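These notes concern the structure reproduced below.
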Amino acid sequence: MFVRKNQAALFLSALATFAMPNFSFADQAQAIDTGSTCWMLISTALVLLMIPGLAMFYGGLVRTKNVLGTMMHSFVCLAVIGVLWVVCGYALTFGSSILGGFVGWNPDYFFLKGIDDRITNGIPEYIIAMFQGKFAIITPALISGALAERVYFRGYIMFVALWFLLVYCPLCHWIWSPDGWLFKMGVIDLAGGLVIHVSAGVSALTVALFLGARKGYPKMIAQPNNLVMTLMGAGLLWVGWFGFNAGSTLSSGLDTARALTMTQISAASGALTWLVIEAIAFRKATALGFASGILAGLVAITPAAAVVKPLGALALGAFSSVICYYALKVKMILKYDDTLDCFGIHGVGSGMGVLVLSFFIRESWMVKTSETVGYTWTAWDQLFVQLKGMGATILLSVVMTLGICYLVQKTLGFRINEEAEVLGLDQALHGERGYDFT
Amino acid sequence: MFVRKNQAALFLSALATFAMPNFSFADQAQAIDTGSTCWMLISTALVLLMIPGLAMFYGGLVRTKNVLGTMMHSFVCLAVIGVLWVVCGYALTFGSSILGGFVGWNPDYFFLKGIDDRITNGIPEYIIAMFQGKFAIITPALISGALAERVYFRGYIMFVALWFLLVYCPLCHWIWSPDGWLFKMGVIDLAGGLVIHVSAGVSALTVALFLGARKGYPKMIAQPNNLVMTLMGAGLLWVGWFGFNAGSTLSSGLDTARALTMTQISAASGALTWLVIEAIAFRKATALGFASGILAGLVAITPAAAVVKPLGALALGAFSSVICYYALKVKMILKYDDTLDCFGIHGVGSGMGVLVLSFFIRESWMVKTSETVGYTWTAWDQLFVQLKGMGATILLSVVMTLGICYLVQKTLGFRINEEAEVLGLDQALHGERGYDFT
Amino acid sequence: MFVRKNQAALFLSALATFAMPNFSFADQAQAIDTGSTCWMLISTALVLLMIPGLAMFYGGLVRTKNVLGTMMHSFVCLAVIGVLWVVCGYALTFGSSILGGFVGWNPDYFFLKGIDDRITNGIPEYIIAMFQGKFAIITPALISGALAERVYFRGYIMFVALWFLLVYCPLCHWIWSPDGWLFKMGVIDLAGGLVIHVSAGVSALTVALFLGARKGYPKMIAQPNNLVMTLMGAGLLWVGWFGFNAGSTLSSGLDTARALTMTQISAASGALTWLVIEAIAFRKATALGFASGILAGLVAITPAAAVVKPLGALALGAFSSVICYYALKVKMILKYDDTLDCFGIHGVGSGMGVLVLSFFIRESWMVKTSETVGYTWTAWDQLFVQLKGMGATILLSVVMTLGICYLVQKTLGFRINEEAEVLGLDQALHGERGYDFT
Amino acid sequence: MKKIDAIIKPYKLDDVKDALNEIGIKGMTISEVKGYGRQKGHKEIYRGAEYVVDFVPKIKIEVVVSADMVDKAIEVIRRSANTGKIGDGKIFVTPVDMAVRIRTGEQGEGAL
Amino acid sequence: MKKIDAIIKPYKLDDVKDALNEIGIKGMTISEVKGYGRQKGHKEIYRGAEYVVDFVPKIKIEVVVSADMVDKAIEVIRRSANTGKIGDGKIFVTPVDMAVRIRTGEQGEGAL
Amino acid sequence: MKKIDAIIKPYKLDDVKDALNEIGIKGMTISEVKGYGRQKGHKEIYRGAEYVVDFVPKIKIEVVVSADMVDKAIEVIRRSANTGKIGDGKIFVTPVDMAVRIRTGEQGEGAL
Ligand SMILES: Nc1ncnc2c1ncn2[C@@H]1O[C@H](COP(=O)(O)OP(=O)(O)O)[C@@H](O)[C@H]1O
Ligand SMILES: Nc1ncnc2c1ncn2[C@@H]1O[C@H](COP(=O)(O)OP(=O)(O)O)[C@@H](O)[C@H]1O
Ligand SMILES: Nc1ncnc2c1ncn2[C@@H]1O[C@H](COP(=O)(O)OP(=O)(O)O)[C@@H](O)[C@H]1O
């Protein structure tokens with residue numbers, strides 16, 4: 001339970017609500033809280049649902065000839081990271097610090113050997129490990145939005161594997177592991193504003209710049225092959241996000257309800273805001289804009305869901321859509337090809353959330369923290385902490401991602417050859433066609 | 001817990017099963033029931049899933065040129081009603097009666113300001129509020145089936161916002177708020193036969209008549225662009241309905257299991273019945289007919305899921321398909337353009353359920369009620385109560401909806417101009433195309 | 001709780017973790033475990049989700065002219081078996097043995113008359129009955145993969161109804177009912193390796209051979225109409241499978257967490273393995289291959305999820321993809337038309353799992369069983385038991401299925417006439433078209 | 001015999017078909033095409049960017065008629081497909097040497 | 001040179017293609033079209049209402065051949081596309097002034 | 001007037017369209033077709049089996065021009081559609097008796 005919230009926050013919520021798991025046995029270490037366990041089981045399923053959701057969201061936005069290849073960019077993470085996580089991922093992230101705290105390690109976590117009957121806070125550790133694993137799976141998949149329609153599949157697989165080991169694992173350890181240095185510093189990041197979205201967004205931008213634009217971009221007009229599927233995907237992502245954020249409280253209590261509530265509010269607020277912006281700009285309201293607004297709201301609230309209140313959630317969702325909308329405008333000026341706007345939405349929107357949440361924190365939380373630190377803790381103090389976290393995240397992401405890009409390009413090859421790009425990934429790399437309606 | 005069932009029913013189930021949440025602390029007001037909380041969290045996610053489900057169901061039935069516009073009719077409610085609900089919706093519905101009981105109000109619910117750590121029956125009130133909010137979101141979306149392919153998006157948004165404030169909020173307060181007059185009267189409406197489906201269905205018919213038919217209707221043959229997606233949508237709706245009905249018990253106990261069971265049975269029975277009808281009528285079994293049968297079964301059991309037993313559920317599902325099937329026939333004779341049959345299925349099927357459930361109520365429930373009222377309570381007594389509820393629902397829906405239609409038409413405009421109707425909503429109002437498979 | 005695991009296994013897990021439902025009342029018989037109840041509710045919803053998931057998976061693989069008909073093969077089971085289950089299915093499977101143990105019977109289960117307020121191990125029996133019912137629904141639907149694109153819908157319905165009564169009910173009783181002879185023998189089959197996948201797979205092969213190949217097969221090249229939808233379906237199946245396997249522990253505890261964990265690991269391992277095989281064989285990685293690998297991993301772990309550990313899950317998933325891949329090769333040599341490879345994947349992969357799990361059983365489980373039986377229980381002893389179970393399953397499936405095929409063919413007709421086959425099921429039998437994008 | 005290719009606005013198809021039926025032309029073949037010409041394509045929006053789609057959806061009607069029917073057919077198509085707005089389309093007439101009905105082998109006008 | 005337009009039933013495409021191959025015609029262009037004629041469209045059902053779809057899916061084969069191949073080609077198409085049922089389709093022959101192979105610039109029959 | 005049918009590689013469409021525009025040809029009709037010829041189709045994989053897809057996607061451009069524009073148009077299409085690889089496609093020229101603009105009724109070259 002300590003994994004995802006800094007201790008002050010946790011402590012407080014406990015005080016406020018007695019929300020300790022209700023054990024049925026004296027021996028707490030062993031007792032199961034069937035309710036919290038159930039919520040972690042289902043949260044794991046909900047985050048899993050986000051992978052097809054993301055594949056549909058991204059897959060609908062590319063040209064028909066690349067639809068399968070783009071969906072596979074999301075799906076393949078289920079296999080590659082899914083296996084790596086069991087082998088060493090959980091150990092590297094949630095083991096105790098090694099290499100001066102760069103990553104963690106715990107022999108018991110190697111192949112999940114030693115947790116077969118371990119129970120923590122009433123929840124079997126297996127399910128915690130699986131839940132955390134889903135986050136490791138979806139993060140590299142997010143990046144695929146930036147390199148869509150122009151990479152070798154083999155190169156992509158090598159990229160996500162290395163990125164997981166060299167960016168995700170360290171970052172996750174720093175921010176979510178009880179002995180991570182950013183965790184100890186008190187960085188607030190409930191469900192991965194930094195660990196997931198800023199890291200993915202910044203890396204996405206790096207990859208996009210490294211690879212260069214697709215043939216014909218930006219003259220080539222966008223031809224989303226299936227906006228209908230993109231809308232479906234946005235719907236599934238919203239549903240899955242409830243598990244993503246509310247599951248991150250690792251319990252089924254008041255904080256969980258708060259996290260789900262703020263997630264719902266911010267997503268609605270983000271979607272509404274984007275709608276209004278487009279209505280003003282074009283006197284039209286696009287489905288893609290609406291879906292983008294949903295995402296903007298969701299990524300913005302991700303770090304903040306357990307500390308802000310409804311007004312804060314409304315504000316974060318709205319801000320996020322405004323800032324993301326203009327980030328996309330800037331992209332069109334700078335003409336870099338972040339194809340599906342992973343940076344423009346996940347990086348920018350969630351980055352904003354990570355910082356701005358400082359000004360919407362529940363009073364009681366601030367009071368509590370002040371007690372802990374022994375002086376009046378202000379939003380500015382928190383903002384400073386958040387800024388440090390963001391700095392570290394950006395630095396790690398950019399440096400490592402660049403290195404990996406060069407390595408992949410030199411070895412398996414990353415950027416696809418022109419002929420295959422023209423032909424399309426589906427035919428050239430997968431030997432299939434997405435649709436055959438004849 | 002009292003919100004969704006009249007007290008006799010609740011009392012009884014308690015007696016029958018000791019199904020009180022299992023608290024872990026003496027101070028009940030504060031204790032969390034992690035299991036029930038978990039079920040409400042997931043039920044909220046399941047009802048959310050119904051929005052993309054509905055968008056897919058409806059979206060597949062229109063012509064290709066209107067697919068995005070039709071899906072947006074469902075999705076936009078997530079934003080518009082989603083925000084309104086937080087601002088004032090929860091206060092207007094579940095606050096204590098004001099204006100002579102027309103609606104409710106509770107300053108604590110305004111922007112959900114005052115429930116940050118409130119827990120009721122072991123469940124954080126936030127999550128109850130979010131769960132109820134989903135119902136408010138999906139109800140206007142259902143109406144969109146009646147006005148498909150021929151309204152301005154801006155007008156539609158104004159319509160759903162006003163409809164929510166002037167029809168949904170009062171009705172929900174009357175029937176589900178502990179001090180609502182219909183609630184006190186003992187109207188049985190577990191998950192919204194009246195509040196959701198009859199109100200939506202009757203309003204849908206009103207709108208359809210107000211707007212008039214689409215250009216070329218009924219000569220213009222139906223051209224569902226994607227029945228495959230409609231089937232997917234029907235599947236997601238069935239799944240979501242488990243949260244919709246079983247979640248309405250606001251607990252995770254025997255009544256919950258009963259509600260889910262009857263929902264499953266009625267949906268299966270409805271689908272099977274429609275299949276048989278078509279097999280007899282055409283010697284064919286359409287996928288759309290099957291999907292319609294699923295919906296017919298689901299809407300019929302919605303008000304009744306917690307009070308009837310399996311035989312009753314089988315009967316309600318079957319009746320519903322029969323009566324809905326003929327309602328659609330009547331539509332073809334009267335030639336009004338309830339485009340996607342919101343009235344023909346939600347209004348007719350659920351209306352039937354609201355009344356006929358009176359004859360399938362669990363014996364123990366009748367006994368209990370008799371004790372409460374002090375004389376032998378018969379099905380006819382209940383039917384009379386249900387009829388009053390339905391009368392009030394229809395009256396409110398028709399009057400308010402008509403008023404709103406005129407207002408929207410006069411201000412932002414409601415019925416779209418002919419050129420845009422020919423061009424299609426997607427291009428004319430959203431500047432997009434649903435599919436581009438070239 | 002005893003339904004799905006043989007007693008030794010159960011006993012052990014209890015010892016290991018005190019994972020008894022946490023009751024809130026003295027009177028255990030009546031007390032509700034809200035957490036476990038919640039997990040069974042949601043597991044039921046998750047398995048329901050597998051039906052649209054399967055419809056999408058299968059529907060995407062056939063030719064456009066058969067897409068609706070193929071999806072209806074899955075959906076119709078929701079209605080036909082859904083109703084049959086309530087009428088007599090639950091009684092025939094989980095009632096006490098009659099006819100010398102061929103099936104079971106319990107008058108209380110007839111129309112679910114007598115379980116209205118029955119609670120077992122803290123879970124209302126209604127929800128157990130509904131959960132079990134979902135398995136009965138999906139199993140015949142799996143078989144539809146073998147007879148795709150060439151049967152009458154009426155004949156198909158007769159087939160699934162009879163198959164359910166004559167194959168599923170007996171087998172389910174034998175293996176999952178506490179007094180089933182294979183259950184007593186100690187066959188390990190957590191979530192239906194034998195009951196679901198081997199029985200479906202073997203029956204599928206039988207039907208495929210009985211019906212003969214589609215017109216033009218195998219010269220006719222495969223033309224999957226919508227691999228994009230097949231991928232979505234695979235995603236939903238994976239999500240649903242968490243409820244399928246982890247729900248089969250009928251609790252929300254350590255075994256549940258274990259089952260979900262092994263399911264996740266095996267699916268990832270299976271997908272990765274298939275990817276590697278294709279990369280070697282074709283230097284390409286198909287989306288369909290990846291999806292097939294997911295399924296291979298899922299079916300292999302289904303019987304084993306609660307007894308093996310992560311290494312075992314990795315191994316089972318990998319083995320399964322290898323053996324299934326070659327099974328499909330063999331099919332192409334033998335040229336029988338198991339159209340969507342129900343036997344090749346469900347039969348072969350899960351059959352392998354049923355047997356090979358013997359060598360990956362958790363040490364503690366073996367120790368415990370040894371104590372129970374009074375001598376050192378080895379993997380070979382377990383393998384022998386598993387082999388007996390498989391033998392019985394295959395025998396029952398082949399004999400009954402053949403008989404049913406002849407009966408259906410002679411009465412309603414099974415294999416469709418050539419003209420209708422050329423025209424396509426959608427037009428000929430359902431009077432619809434899947435897509436109309438013009 | 002002559003072949004008439006008429007490129008028209010999609011929603012006019014039914015009118016044209018009925019009009020041709022009335023003058024006894026009971027067979028035709030249609031296909032979905034995209035047109036480029038004076039009529040400008042519509043605007044689409046993609047994440048804040050607006051761009052014009054050059055090609056406009058049209059329906060192409062191919063109908064082979066006996067020489068003496070040509071003028072009548074053209075006249076009828078013109079009337080039924082006309083909206084007076086840019087983009088109504090074109091009619092092209094080309095010579096046909098021979099027509100055969102696959103089912104019977106009939107040749108010439110008898111095959112129509 | 002002549003252009004042969006053959007409108008056939010979709011599932012006959014492979015047979016026709018193979019038949020043309022046999023007589024040495026190794027190039028063609030096909031497109032999906034919809035046909036209207038004697039063959040009545042099929043019935044579809046929508047929520048209890050039954051209606052007829054006028055247009056029937058067909059495949060149009062366009063093949064340009066040298067004048068001396070025309071009769072042979074027609075004969076071959078007729079045989080391979082024929083089912084004897086209404087709706088088998090038509091074959092139309094039209095004159096071609098010139099053919100060019102884009103890759104090489106070859107003109108006339110050499111371009112085929 | 002003549003009708004030019006150009007069958008080209010899909011991704012060359014924009015180049016050809018622009019090239020025709022430059023020489024003042026501002027109208028055309030295109031359709032998606034499938035081609036069969038020297039260029040072999042690509043390989044597809046289905047559950048461990050590999051097979052070749054015979055028909056290759058192509059775009060057919062139909063443009064009617066006045067007789068004196070024909071050679072220029074052909075030349076321009078050839079240049080803009082050429083990649084030098086097998087499968088670049090063909091250009092066919094056929095006679096047109098008459099052209100009519102539906103909107104105005106204009107006939108002949110004025111209708112183009
Ligand atoms: N020279 C041409 N050759 C072939 N098709 C043409 C030609 N010019 C126009 N068309 C077709 O006719 C359609 C309508 O032409 P356009 O110039 O847009 O309007 P109008 O018919 O009113 O002149 C175009 O979309 C195109 O499909
Ligand atoms: N006059 C015509 N011009 C162009 N195409 C035609 C004509 N008549 C028929 N066709 C095409 O031929 C197809 C078959 O014709 P139809 O009359 O249905 O049967 P049959 O070929 O046996 O006479 C039609 O679907 C249509 O595509
Ligand atoms: N005889 C023909 N009639 C009609 N179209 C043809 C003919 N021969 C080839 N084509 C079309 O031209 C395209 C290219 O021809 P192909 O032989 O593959 O390459 P190339 O154009 O380099 O000779 C084919 O895909 C087909 O669409």
Side-chain angles (χ1 to χ4, degrees), chain B residues 16-23 33-36 38-39 42 46 63-64 223-228 231-232 234-236 238-239 242-243 246 251-254 256-258 260-261 264-265 267-272 275 279 282 284-288 290-291 293-294 309-311 314 362 435 437, chain C residues 22-25 27 30-38 40-42 44-45 48-49 51-53 55-56 59 67-68 71-72 75-76 78-80 82-83 86 111-113 116-117 119 123-127 129-130 133 153-154 226 229 232 252 426 429-438:
Chain B
T17 70
F18 305 90
M20 277 167 58
N22 47 341
F23 301 121
D33 171 2
T34 56
S36 295
C38 178
W39 176 244
I42 187 59
L46 286 171
R63 287 164 291 180
T64 305
Q223 306 168 21
N225 77 87
N226 197 340
L227 283 175
V228 166
L231 264 185
M232 297 183 207
L236 293 188
W238 191 333
V239 172
F242 280 179
S251 67
S252 172
L254 183 55
T256 324
R258 285 169 172 168
L260 184 142
T261 302
Q264 161 65 26
I265 294 174
S269 166
L272 187 59
L275 188 80
F282 303 103
K284 284 197 168 68
T286 66
L288 177 55
F290 190 84
I294 291 173
K309 296 175 71 176
L311 266 177
L314 281 169
R362 184 172 280 109
Y435 316 96
F437 294 132
Chain C
N22 48 340
F23 301 122
S24 35
F25 280 79
D27 174 351
Q30 287 294 37
I32 291 276
D33 171 3
T34 56
S36 295
T37 298
C38 178
M40 292 321 297
L41 290 163
I42 187 60
T44 306
L48 171 58
L49 183 62
I51 300 293
M56 290 159 76
V67 61
L68 289 177
M71 294 179 81
M72 283 295 279
F75 270 93
V76 78
L78 277 168
V80 174
V83 168
V86 173
F111 278 98
L112 304 182
K113 275 201 277 71
D116 198 49
D117 35 35
I119 293 158
I123 301 167
E125 184 159 357
Y126 265 140
I127 186 64
M130 285 302 107
F153 194 56
R154 56 174 191 271
N226 197 339
M229 180 166 72
M232 297 184 208
S252 172
D426 296 4
L429 307 181
H430 304 284
E432 299 178 300
R433 254 170 311 165
Y435 316 96
D436 181 355
F437 295 132
T438 63

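Note that the structure is a prediction, hence the values are computed from the model and not measured. All chains are named by letter (A, B, ...) in the order of the sequence lines, taking the proteins before the strands, and each is independently numbered beginning at 1.
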- Item | Taking every non-hydrogen atom, the tightest pair across B:Leu254 and C:Pro124 | CD1-CB, 3.7 Å
- Query: Considering only heavy atoms from C-beta outward, does the side chain of B:Leu236 approach that of C:Leu49 to under 4.5 Å?
  - Reply: yes
- Note on the structure: Whatever's closer than 4.5 Å to a heavy atom in chain B on C:Ala45 counts as both
- Message: Contact between B:Leu231 and C:Pro52 at the side-chain level, heavy atoms closer than 4.5 Å - yes or no?
- Response: no
- Query: To the nearest 0.5 Å, what is the distance between CE (C:Met71) and CE (B:Met232)?
  - Reply: 5.5 Å
- With side chains defined as the heavy atoms from C-beta onward, is the minimum distance between C:Thr37 and B:Thr256 less than 4.5 Å? no
- Item | Minimum side-chain heavy-atom gap C:Arg433-B:Leu227 below 4.5 Å | no
- Item | Heavy-atom pair with the smallest gap, counting every atom of C:Asp436 and B:Gln223 | OD2-CB, 3.7 Å
- Task: May I ask you to decide if the ring planes of C:Phe437 and B:Tyr435 are parallel, tilted or perpendicular, using 30° and 60° as cut-offs?
- Result: tilted
- Query: Could you walk me through whether C:Thr438 and B:Thr64 pass the side-chain contact (heavy atoms from CB on, under 4.5 Å) check?
  - Reply: CA-CA 7 Å; C:Thr438 63; B:Thr64 305; 5.8 Å; no
- Report the option among C:Thr44, C:Val67, C:Ile51, C:Val76 that has the most heavy-atom pairs separated by less than 4.5 Å from atoms of chain B. C:Val76
- Are the side chain of C:His430 and the backbone N or O of B:Ala287 linked by a donor-acceptor pair below 3.5 Å? no
- Note on the structure: Greatest number of non-hydrogen atom pairs under 4.5 angstrom with chain C, of B:Asn226, B:Val228, B:Leu46, falls to B:Val228
- Query: Heavy atoms, side chains only, cut-off 4.5 Å: are B:Ile265 and C:Leu112 in contact?
  - Reply: yes
- Query: Between B:Gly235, B:Ala268, B:Ser252, which shows the greatest number of heavy-atom pairs under 4.5 Å with chain C?
  - Reply: B:Ser252
- Task: Report yes if some heavy atom in the side chain of C:Phe153 is under 4.5 Å from a heavy atom in the side chain of B:Leu275; otherwise report no.
- Result: yes
- Query: Non-hydrogen atoms of chain B under 4.5 Å away: do they reach the side chain of C:Met229, the backbone, both or neither?
  - Reply: side chain
- Contact winner vs chain C - B:Phe242, B:Phe290, B:Phe282, heavy-atom pairs under 4.5 Å: B:Phe290
- Message: Could you measure the distance from the CG atom of C:Leu68 to the OG1 atom of B:Thr286? Nearest 0.5 Å is fine.
- Response: 9.5 Å
- Note on the structure: Most heavy-atom pairs under 4.5 Å with chain C, out of B:Ile42, B:Leu314, B:Leu288, B:Leu272, belong to B:Leu272
- Item | Most chain C-contacting option - heavy-atom pairs closer than 4.5 Å, from B:Ala257, B:Ala234, B:Gly243 | B:Ala257
- Note on the structure: Among B:Ala271, B:Ala291, B:Pro310, the residue with the most heavy-atom pairs under 4.5 Å to chain C is B:Pro310
- Query: Between B:Trp39 and C:Thr34, is any pair of side-chain heavy atoms under 4.5 Å apart?
  - Reply: no
- Looking only at C:Ile127, C:Leu429, C:Asp426, C:Leu48, the option with the highest number of non-hydrogen pairs under 4.5 Å against chain B is C:Leu48
- Message: Are C:Met130 and B:Gln264 packed together at the side-chain level, in the sense that at least one heavy-atom pair is separated by less than 4.5 angstrom?
- Response: yes
- Against chain B, label C:Arg154 side chain, backbone, both or neither, depending on which of its atoms sit under 4.5 Å from a heavy atom there. neither
